[in-house]
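Each remark here refers to the structure printed beneath this line.
On a predicted model such as this, the values are computed, not experimentally measured, just so you know.
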Amino acid sequence: MKTFSLKESRITDGFWANRQKINAENTIPAVYNRFKETGRFDALKCEKKETPSHVFWDSDAAKWLESAAYLLSRKEDKQIRAWYDEAVEDICKNQREDGYFNSYFQVYAPEKIFTARHDHELYCAGHLFEAAVAGKKYLNDDRLLKFSEKYVDYIYERFVEKQDTAFLTPGHQEIELALLKLYELTGKEKYKELSSYFLEKRANNEKDLNDDILERWGGIDITLTGTPIRKQTEAFGHAVRAMYLYIAMADMARITGDEELRKVTERLFESVTENKMYITGGIGSTNHAERFTVPYHLPNETSYAETCAAVGLAFFCDRMQKLTGEAKYGHVFERVLYNGILSGISLDGESFFYVNHMEFQTSCDLLLKDGRANPNRQKVFNTSCCPPNISRFIEQLPSFIWYADEEKNELILSQYISSSLSNDFVDASITSSFPQSGKVCVKVNSKGKNITLKLRIPHWCDKKFENAKDGYLVYEGVFNGEEICVDFDMRVRRTFANAHAWENTGKTAVTYGPIVLCAEGQDNDVNLGRIAIGCTKDAVVEKTDDDFAIRVTIPAYTIKNAKSLYTFDSPEYEEHSLRMVPYFTWSNRGVNDMRIWFSFKR
């Protein structure tokens with residue numbers, strides 16, 4: 001399967017057009033300004049300062065450059081263009097003659113180049129390569145591409161030919177997937193070969209296996225170095241690193257037709273989504289090494305669910321959809337899109353969550369000990385990977401709507417986002433009322449070809465369709481712009497967790513179509529811990545014109561307080577109502593209590 005470029009697919013209106021508007025006008029400028037204030041962009045000038053730059057600052061700047069390239073391809077902005085050009089020029093001007101570039105190492109520790117596996121040199125390089133691909137594809141700017149080609153040659157010489165580095169695979173994955181982007185852009189085999197080298201050498205060389213990272217993290221394999229990629233059966237380690245590794249594996253399987261690798265990625269996707277994923281699509285359940293733990297360990301109050309991990313999961317879903325064409329990958333993409341990713345950015349687009357809580361009590365400050373776990377949205381973090389990751393994701397969103405196999409004349413609509421598509425294969429448009437309702441209308445002109453059109457049936461839709469097959473509504477024929485309209489019956493439902501997820505056993509969450517709902521203290525006049533959810537068939541949905549999209553009131557009960565801390569008396573209930581909002585909107589009106597999972601009354 002293939003996706004379509006941002007030149008072919010465009011978001012036209014509705015919920016996501018507004019989010020792209022906020023991204024362009026607020027988020028991308030705000031992230032630049034925070035990065036400028038904190039020295040990230042000045043570091044690219046490679047001038048020695050009294051306070052050294054950080055080893056991963058290049059990656060922050062590179063993700064912003066990637067965001068800017070996507071934005072400028074659809075909307076010219078003189079200020080963004082000036083910032084973009086200055087940063088690109090600084091990077092290219094300060095690249096060493098041999099091709100190496102890193103604003104920290106070449107200025108402050110040149111003698112330590114490629115000696116510290118966990119200091120993010122190859123990770124930073126990978127993000128610069130992704131920015132280079134975006135610049136070339138969408139701005140026809142080959143400055144960073146030329147920079148990248150020279151840099152790859154240097155990396156190849158050091159790691160493959162000479163093998164004179166202190167390690168053979170990066171501590172933080174990213175360069176593997178970036179090299180495959182370079183390969184698909186240029187067709188140069190060296191880039192695919194180097195990506196394969198980093199993938200296959202992981203856990204297959206003495207240098208990395210003698211790494212002290214296990215000792216540093218108490219025996220936890222956060223880098224996924226303990227098991228070769230083809231033998232991995234369960235998601236483990238640092239959640240973001242895992243996602244970036246799996247993305248590269250899926251891309252490699254698709255590009256090379258490697259069936260063994262395909263089966264490994266399918267197995268790992270199942271491990272992530274069947275027992276290690278929050279209802280929001282968040283992944284990584286502990287702050288200790290920001291990692292996956294054991295199956296079904298999904299704590300709420302101490303959840304981690306880093307925003308970058310959610311973005312990584314969405315990218316992984318996209319790659320698996322391209323690899324297999326199966327609807328289940330679109331289901332998970334939709335879940336993490338409307339919940340785990342959107343929760344990471346404020347409604348005004350200028351402040352962010354690094355950690356995404358599943359529950360918060362203002363009376364308990366336990367979670368405030370980690371600054372990144374602060375329930376106040378922040379404009380910038382010391383580790384500020386998440387803000388530009390969200391901005392580049394939102395700009396790329398049009399390329400995740402449609403998929404096609406042109407050899408089989410097959411077109412898949414995976415995400416219901418109002419958009420247009422135009423290329424040599426088809427012209428198409430979709431009008432969608434998601435996430436306020438499940439009504440969508442699709443028009444396709446197949447340009448005289450007999451094609452198979454597939455519309456993904458959302459996992460939350462239980463309507464019966466005569467033309468349903470393998471998770472899709474299937475239409476065949478020559479399409480001349482006819483309109484196909486479907487109502488996927490978006491409604492409020494109680495959702496239950498697997499009983500092995502013991503924090504949520506005997507509880508329910510409330511969803512509305514793809515949206516996970518939460519309750520905040522300021523909307524409710526009772527302690528949220530005393531609420532029991534009632535039957536949702538009488539829920540009232542208020543569709544709003546603001547960024548909340550919807551507000552929901554559902555029947556509920558309050559559990560009467562006992563006279564003492566513990567009692568032999570059964571709880572008594574009083575009828576009540578609970579006001580709920582989309583989870584992604586929480587903590588936009590100040591910090592207050594928040595809860596997703598509640599007890600329920602049958």
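Here the closest non-hydrogen pair linking A239 and A309 is CB-CB, 4.0 Å. Pairing each heavy atom of L180 with each of A248, the nearest pair is CD1-O, 3.5 Å.
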S196 and E193: CA distance, side-chain angles, deciding distance, side-chain hydrogen bond (donor to acceptor under 3.5 Å, both in side chains) verdict: CA-CA 5 Å; S196 178; E193 180 187 342; over 6 Å; no

Verify salt bridge (charged side-chain N to carboxylate O under 4.0 Å, His left out) between D98 and K150, making sure each step is shown before the conclusion. CA-CA 8 Å; D98 59 13; K150 191 175 179 181; over 6 Å; no

Going through the distances and angles, do K63 and E130 end up as a salt bridge (charged side-chain N to carboxylate O under 4.0 Å, His left out)? CA-CA 8 Å; K63 279 184 281 191; E130 288 199 83; over 6 Å; no

One pair to check against salt bridge (charged side-chain N to carboxylate O under 4.0 Å, His left out): D258 and R230. What are the steps and the verdict? CA-CA 11 Å; D258 189 326; R230 294 176 184 273; 2.7 Å; yes

Does K136 form a salt bridge (charged side-chain N to carboxylate O under 4.0 Å, His left out) with D141? I'd like the steps, not just the answer. CA-CA 5 Å; K136 178 60 178 175; D141 180 354; over 6 Å; no

Go through I229 and L224 one step at a time and tell me if the side chain to side chain contact (heavy atoms under 4.5 Å, CB included) criterion holds. CA-CA 8 Å; I229 60 168; L224 293 83; over 6 Å; no

Kindly determine whether L44 and N94 satisfy side chain to side chain contact (heavy atoms under 4.5 Å, CB included), including the steps that lead there. CA-CA 8 Å; L44 300 177; N94 292 300; 6.0 Å; no

Between S391 and T27, is the side-chain hydrogen bond (donor to acceptor under 3.5 Å, both in side chains) condition met? List the steps. CA-CA 7 Å; S391 67; T27 307; over 6 Å; no

Before you tell me yes or no, could you show the steps for R143 and I91 under side chain to side chain contact (heavy atoms under 4.5 Å, CB included), namely the whole-Å CA-CA distance, both residues' side-chain angles and the distance that decides it to 0.1 Å? CA-CA 10 Å; R143 288 175 295 173; I91 292 167; over 6 Å; no

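In the model, T165 has no side-chain atom that pairs as donor or acceptor with a side-chain atom of R117 under 3.5 Å. Between the side chains of N356 and T280, no donor-acceptor pair is found at a separation under 3.5 Å. A side-chain donor-acceptor contact under 3.5 Å links S414 and Q321. At a cut-off of 3.5 Å, with distance as the only test, no side-chain donor of T225 or D208 sits close to an acceptor on the other residue. Between the side chains of N23 and E395, a donor-acceptor pair is found at a separation under 3.5 Å.
Using the six-membered ring where Trp is involved, Y70 and Y138 have ring planes that are perpendicular, over 60° apart on the 30 and 60° scheme.
Proximity of K207 to T169: side-chain heavy atoms (C-beta onward) are nowhere separated by under 4.5 Å. Here the side chains of T186 and E149 are in contact, with some heavy-atom distance below 4.5 Å. Annotation: side chain of R241 is not in contact with side chain of R291 (no heavy-atom distance under 4.5 Å). For the pair R319/T265, no side-chain contact is recorded, criterion being any heavy-atom separation below 4.5 Å from C-beta on. Side-chain contact between H288 and I220 is present, with heavy atoms from C-beta onward closer than 4.5 Å. Side chains of F114 and D119 form no contact here, defined as non-hydrogen atoms less than 4.5 Å apart.
Look at D164 and R158 and you find a salt bridge, because one of the NZ, NE, NH1 or NH2 atoms lies within 4.0 Å of a carboxylate O, short of that distance. In summary, D251 and K181 do not engage in a salt bridge, as defined by a charged side-chain N under 4.0 Å from a carboxylate O. A salt bridge links E184 and R254; the closest N-O separation between the charged side-chain nitrogens and carboxylate oxygens is under 4.0 Å. By the 4.0 Å N-to-carboxylate-O rule, R262 lies close enough to E266 to be salt-bridged with it.
A centroid separation of less than 6.0 Å is found between the aromatic rings of F381 and Y354. Two rings, from Y104 and F56, have their centers 6.0 Å or more apart. Outside the 6.0 Å centre-distance limit, the rings of Y84 and W64 are not counted as a close aromatic pair. Between Y151 and Y100, a ring centre-to-centre spacing shorter than 6.0 Å is recorded.
Applying the side chain to side chain contact (heavy atoms under 4.5 Å, CB included) rule to P295 yields the partners E234, N275, K276; only residues at least two apart in sequence or on another chain are considered. In this view, H459 and H331, E334, R335 satisfy the side chain to side chain contact (heavy atoms under 4.5 Å, CB included) rule, not counting sequence neighbours. Looking at residues two or more places apart in sequence or on another chain, you find a ring-ring contact (aromatic ring centres under 6.0 Å, His included) between H172 and H120, Y123, H238. Scored by the side chain to side chain contact (heavy atoms under 4.5 Å, CB included) test, T115 finds K112, A166 as partners (sequence neighbours excluded). Looking at residues two or more places apart in sequence or on another chain, you find a side chain to side chain contact (heavy atoms under 4.5 Å, CB included) between V264 and M249, R267, L268. Residues satisfying the salt bridge (Lys or Arg N to Asp or Glu O under 4.0 Å) test with D424, not counting sequence neighbours, are none. Applying the side-chain hydrogen bond (donor to acceptor under 3.5 Å, both in side chains) test to N26 and every residue at least two apart in sequence or in another chain returns nothing. Annotation: side-chain hydrogen bond (donor to acceptor under 3.5 Å, both in side chains) contacts of D60 (sequence neighbours excluded): R40. For E189, the salt bridge (Lys or Arg N to Asp or Glu O under 4.0 Å) criterion is met by K192, not counting sequence neighbours.
Residue T324 forms a side-chain contact (heavy atoms from CB on, under 4.5 Å) with just one option from E326, K322, K328, and that option is E326. Between Y338 and the choices Y583, W16, Y416, the ring pair (Phe, Tyr, Trp, His ring centres under 6.0 Å) rule is met once, by W16. C308 pairs in a side-chain contact (heavy atoms from CB on, under 4.5 Å) with only one of the listed residues (N389, L313, I390), which is N389.
Within the structure, ring-ring contact (aromatic ring centres under 6.0 Å, His included) pairs that include any residue of residues 183-208 comprise F159-F198 (at least two apart or interchain). Evaluation of the ring-ring contact (aromatic ring centres under 6.0 Å, His included) test over residues 241-261, restricted to residues two or more places apart or in two chains, returns Y246-F316.
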Acceptor/donor pairs from residues 397-404 side chains to any protein atom, 3.5 angstrom cut, sequence neighbours excluded:
{"from": "S399", "atom 1": "OG", "to": "Q396", "atom 2": "O", "distance (Å)": "2.7"}
{"from": "Y403", "atom 1": "OH", "to": "D318", "atom 2": "OD1", "distance (Å)": "2.7"}

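Geometrically, R377 engages F353 in a cation-pi contact defined by less than 6.0 Å to the ring centre and at most 45° from the axis.
Distance CZ/F236 to OG1/T233: 8.5 Å, rounded to 0.5 Å.
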